Amino acid sequence: GARQFRHTFIDLDALLFTNLSPEHIESHGSYENYVAAKVSLVRALERGSARAHMVVVNRDDAEASRFLSIRVGKKLAYGIDDARPFMAGAEGVVITWRGMPLRMNLPGEFNILNALAAATFAEGRGVAAEIIRSALASCILVPGRMERINEGQDFSVIVDYAHTADSLARAYGVYAGVEKVCVLGGTGGGRDVAKRKVMGEVADAHCAHIILTTEDPYDENPKDIAEDVAEGIQNHPYEYIEDRREAIREAFRIAKPGGAVFITGKGSEPCIMGPKGTRIPWNDATVAREELAKLRERK
């Protein structure tokens, strides 16, 4: 969006920087160009009444200094140390914030960082700590983001939008030590070819069994995309099932009690993008519930 100047003439007054990892490199030409496009968003804060502007930055990210170097009225930083001691698991997290324990119904360490970003911003805007604590404690899961699907099955089912290698690894990491069957699409057709093998490598490092399937092929052959992802899978069994529903059904069939099935790449998106702009109505969570119901009936 920044590369296409979509922010031009918008009077931005604040920006939260959470993290940065390689994406859309073919469009930008290089990772450095990609970072520069992100930084240009922050530079927009230098225009206008810069004294009233604010930037909130994750100090733990390698690119943090780039986003803290701009000239604005208020620069705030946060990091995982702000939540210590903490416990992070699949059911939620318990952090220490402003000297007091706080439980949130958000799984994983990455959600701790997201919560700290929101809390730091709110404090910077003068919101009282008690209100921030209450708001964080009442947070519920966002559809398509580590969304747990429970239809009485004896294994966990998680739907998540993860579509970069970094986000995929973080999602899988929440269920470390749990045997995972992973339904993996890869990347959209006609883009991000370089990261496909890397996505396969991440799945290979975390999943006991991998099912490659369609995600958003656009005008590219979905099997070609899957073959690119498969180049990164060297140590665990995988199969290709083009129909996404059939792939999910098979994952449920082979899942073991106490294990987990991860369905990643689309999150809460309402359709699959096909050739010549076609859209197939779709929702991972809905399909997962339907297939789990069928599985229950067969038993």
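Quantities reported herein were computed from a predicted structural model and do not represent experimental measurements.
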Is any side-chain heavy atom of [Y] closer than 4.5 Å to one of [X]?
X      : Y      : answer
Trp282 : Thr214 : no
Asp228 : Val193 : yes
Val72  : Met54  : no
Tyr238 : Leu212 : yes
Val229 : Leu184 : yes
Glu250 : Ile211 : yes
Trp97  : Ile132 : yes
Pro217 : Ile272 : yes

Side chain of [X], backbone of [Y]: donor and acceptor closer than 3.5 Å?
X      : Y      : result
Asn33  : Gly29  : no
Gln4   : Arg6   : no
Ser134 : Ile131 : no

Going from [atom1] on [X] to [atom2] on [Y], what distance comes out if it is rounded to the nearest 0.5 angstrom?
X      : Y      : atom1 : atom2 : answer
Asn114 : Met104 : CG    : CE    : 9.0 Å
Leu102 : Ile112 : CG    : CD1   : 10.0 Å
Lys266 : Met273 : NZ    : CE    : 8.5 Å
Cys182 : Asp204 : SG    : CG    : 10.5 Å
Ile95  : Phe86  : CD1   : CZ    : 9.5 Å
Asp81  : Arg59  : CG    : CZ    : 7.0 Å

Does the pair Glu130 and Arg98 meet the rule for a salt bridge (charged side-chain N to carboxylate O under 4.0 Å, His left out), with working shown? CA-CA 10 Å; Glu130 294 78 11; Arg98 299 300 178 253; over 6 Å; no
Does atom [atom1] ([X]) have a neighbourhood of more than 12 heavy atoms from anything else shown, all under 6.0 Å?
X      : atom1 : value
Arg279 : CZ    : no
Lys38  : NZ    : no
Arg148 : CZ    : yes

Are [X] and [Y] connected, step by step, through hydrophobic side chains (Ile, Leu, Val, Met, Phe, Trp, Tyr) whose heavy atoms are closer than 4.5 Å?
X      : Y      : result
Ile210 : Ile254 : no
Phe252 : Ile149 : yes
Val183 : Ile158 : no
Leu16  : Phe110 : no
Met100 : Met87  : no

Residue pair Leu76, Val57: steps toward the side chain to side chain contact (heavy atoms under 4.5 Å, CB included) verdict
CA-CA 6 Å; Leu76 302 175; Val57 175; over 6 Å; no
Please report the closest heavy-atom contact between [X] and [Y], naming both atoms and the distance.
X      : Y      : value
Tyr218 : Asp216 : CD1-O, 3.1 Å
Val198 : Ala165 : CG1-CB, 3.6 Å
His28  : Ala37  : CE1-CB, 3.6 Å
Lys195 : His163 : NZ-O, 2.5 Å
Val93  : Gly108 : CG1-O, 3.7 Å
Val181 : Ala255 : CG2-CA, 4.3 Å

Checking Tyr175, Phe262, Tyr172 against His206 for ring-ring contact (aromatic ring centres under 6.0 Å, His included), the one that qualifies is Tyr172
Partner of Glu291 under salt bridge (charged side-chain N to carboxylate O under 4.0 Å, His left out), picked from Arg249, Arg298, Arg253, Arg296, is Arg249
message = Run the side chain to side chain contact (heavy atoms under 4.5 Å, CB included) test on Ile280 and Cys271 for me, step by step, so that the C-alpha distance in whole Å, both residues' side-chain angles and the decisive distance to 0.1 Å come before the verdict.
response = CA-CA 5 Å; Ile280 302 171; Cys271 59; 5.7 Å; no
Side chains of [Y] and [X]: any donor to acceptor distance under 3.5 Å?
X      : Y      : answer
His53  : Asp13  : no
His209 : Glu239 : yes
Tyr240 : Glu242 : yes

Salt bridge or not for [X] and [Y], using N-O below 4.0 Å?
X      : Y      : result
Asp284 : Arg244 : yes
Arg170 : Glu109 : no
Glu46  : Arg43  : yes
Glu215 : Arg196 : no

Could you tell me whether Phe5 and His7 have their ring centroids closer than 6.0 angstrom?
no
